[in-house]
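See structure below.
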Protein chains: 2
Amino acid sequence: MPAPSKTSVDAIVDAGRHILEADGLDGLTLQAVAEAVGVRAPSLYKRIDGRGDLVRRISNEVAAELGATLEDAARTGDPHADLIAMAHAVRTFAHQHPRGYALLFAPLPEGWRVDPTLNAQLSATILRAAGEVAPRADALKAARTVVAWLNGFVSMEQAAAFRLSGDLDEAFDYGIDRILAGLEQQSD
Amino acid sequence: MPAPSKTSVDAIVDAGRHILEADGLDGLTLQAVAEAVGVRAPSLYKRIDGRGDLVRRISNEVAAELGATLEDAARTGDPHADLIAMAHAVRTFAHQHPRGYALLFAPLPEGWRVDPTLNAQLSATILRAAGEVAPRADALKAARTVVAWLNGFVSMEQAAAFRLSGDLDEAFDYGIDRILAGLEQQSD
DNA sequence: ACCTGAACACCGTTCAAGT
DNA sequence: ACCTGAACACCGTTCAAGT
């Protein structure tokens with residue numbers, strides 16, 4: 001007599017995302033997830049391959065959403081304007097899903113990390129625009145400069161690492177403006 | 001009959017740093033630290049206030065070391081050259097103490113975080129140089145741009161988040177060069 | 001004064017037993 | 001086929017008991 005399913009991978013990952021955002025990675029226990037979806041913790045192993053696998057699945061979902069957000073933001077066709085729009089879109093996304101965003105760049109154990117394919121797709125949109133504001137030969141380096149600054153700014157903002165006062169919105173706008181100016185300037 | 005001391009705060013924090021670098025934050029258990037210093041786990045509570053307090057003390061030690069490294073790197077007096085030297089010094093430090101460096105910017109629970117005073121001291125050296133390459137009124141925003149990029153670059157490098165190929169040393173030199181160019185350029 | 005074993009409330013994970 | 005309780009090996013933390 002087969003026992004009827006009480007949950008699903010999707011329900012588990014969704015519950016996991018909510019718990020992650022509410023209680024942080026430490027609060028994301030299999031027992032909490034199990035309770036949220038209405039089973040006992042051991043039953044989760046029928047759908048997922050343990051806690052690391054759950055974290056990886058959550059990261060993948062966040063990365064896919066962030067990728068879609070990025071694509072949406074790059075619509076004018078003007079690479080300078082698109083990069084600014086993408087930067088703001090990423091920052092807004094990070095504000096809406098702080099723990100999920102942090103997961104994408106966290107130094108997690110091997111096998112917990114986001115699917116490299118998703119990460120590459122994420123870079124592609126920025127890479128394209130960066131190759132148009134900077135000399136094409138510098139496209140990858142230019143994209144890395146933008147992404148490093150963007151992720152660094154958002155990460156520090158979330159970790160409350162900007163201790164001194166001062167308007168962070170203004171600092172963000174200043175940063176992307178000055179970086180684009182540097183990339184657009186002809187290097188000798 | 002008083003029992004003789006078998007360990008000290010310094011020994012505990014030092015052992016903790018070694019275990020952190022070797023096994024990561026998850027591996028930094030009080031049992032592992034206790035074994036390393038030759039006592040049982042409950043005895044640690046005579047010196048430190050639990051695991052969070054240990055993490056905070058380790059962060060503080062790392063921050064102080066990084067601060068000293070930064071000061072050492074800024075010696076030419078030329079702010080442009082000093083900023084480049086500081087950027088390289090931070091990256092080298094992060095390579096030497098990857099888990100400790102990550103701790104400084106990790107989104108840790110309240111009460112685990114590094115002493116704000118140390119964080120501010122850390123920024124001060126960069127802030128001074130940034131205020132000389134950019135207009136003085138933009139000093140704080142300029143410093144934040146450099147620090148965000150620097151921390152973002154190093155964090156992504158450590159999280160293996162730069163998936164595409166390409167020379168990272170070259171990308172690093174390119175990044176600091178272009179950012180300084182942007183900061184030095186007169187904004188209209 | 002410091003150290004210890006025992007205990008408690010949690011974890012993740014495995015597995016035999018139920019339906 | 002899926003779910004469950006029990007069990008195991010770990011955690012952090014508290015505390016009474018030892019010296």
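Order of the sequence lines fixes the chain letters, A, B, ..., with proteins taken first and strands second; residue numbering starts at 1 for each chain. Note that the coordinates shown come from a computational prediction; the quantities given were computed from them, not determined experimentally.
Counting only Watson-Crick or G-U wobble pairs whose defining distances are both under 3.5 Å, the stems of 3 or more consecutive pairs in DNA chain D are C:4-8 with D:12-16, C:12-16 with D:4-8.
Regarding Asp49(B), its CG atom lies at a distance of 13 Å from the C1' atom of dT14(D), rounded to whole Å. Across the protein-nucleic acid pair, Leu44(A) atom CG and dC15(C) atom C1' stand 16 Å apart, rounded to whole Å. One atom, CG of Asp26(B), and another, P of dC10(D), lie 16 Å apart when rounded to the nearest Å. Atom CG of Leu30(B) is separated from atom P of dT14(D) by 11 Å (rounded to the nearest Å). Whole-Å rounding puts the Asp23(B) CG to dC10(D) C1' distance at 15 Å. Rounded to an integer number of Å, the gap from CD of Gln31(A) to C1' of dG5(D) is 13 Å. For Tyr45(A) and dC11(C), the OH to P distance is 13 Å, given to the nearest whole Å. Atoms CZ (Arg51(B)) and P (dC11(C)) sit 15 Å apart, rounded to a whole Å.
Note on Arg17(A) versus Asp14(A): no salt bridge recorded, every NZ/NE/NH1/NH2 to OD/OE distance being 4.0 Å or above. With respect to the salt-bridge test (charged N to carboxylate O, under 4.0 angstrom), the residues Glu61(B) and Arg56(B) do not qualify. The pair Arg57(B)-Asp10(B) does not meet the salt-bridge criterion, since no charged nitrogen lies less than 4.0 angstrom from a carboxylate oxygen. For Arg91(B) and Glu157(B), the salt-bridge test passes: some basic side-chain N is under 4.0 Å from an acidic carboxylate O.
Counting only heavy atoms from C-beta on, Val39(A) has its side chain closest to dT4(D) among dT13(C), dT4(D), dG12(D). Nearest to the side chain of Pro42(B), among dG12(C), dC3(C), dT14(D), sits dT14(D).
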key: His97(A) vs Glu21(A), side-chain hydrogen bond (donor to acceptor under 3.5 Å, both in side chains): CA-CA, chis, key distance, verdict   = CA-CA 7 Å; His97(A) 312 279; Glu21(A) 291 300 341; 4.7 Å; no
message = Determine whether Asp78(A) and Thr76(A) satisfy the following criterion, side-chain hydrogen bond (donor to acceptor under 3.5 Å, both in side chains), listing intermediate values before the conclusion.
response = CA-CA 5 Å; Asp78(A) 171 37; Thr76(A) 72; 5.0 Å; no
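Between dC2(C) and Ser43(B), no contact under 4.0 Å exists linking OP1 or OP2 to a side-chain N or O. Distances shown here put every side-chain N or O of Arg40(B) at or beyond 4.0 Å from the OP1 or OP2 atom of dG12(D). The phosphate of dT4(C) has OP1 or OP2 within less than 4.0 Å of a side-chain N or O from Lys6(B).
Cation-pi geometry between Arg144(B) and Phe153(A) is not met at under 6.0 angstrom from the ring centre and within 45 degrees of the axis.
Using a 4.5 Å cut-off on side-chain heavy atoms (C-beta onward), Ser59(B) and Arg113(B) make no contact. Residues Tyr174(B) and Leu183(A) meet the side-chain proximity criterion, which asks for heavy atoms closer than 4.5 Å.
The stretch residues 53-62 of chain B has no heavy atom under 4.0 Å from DNA chain C, so no residue of it qualifies as close.
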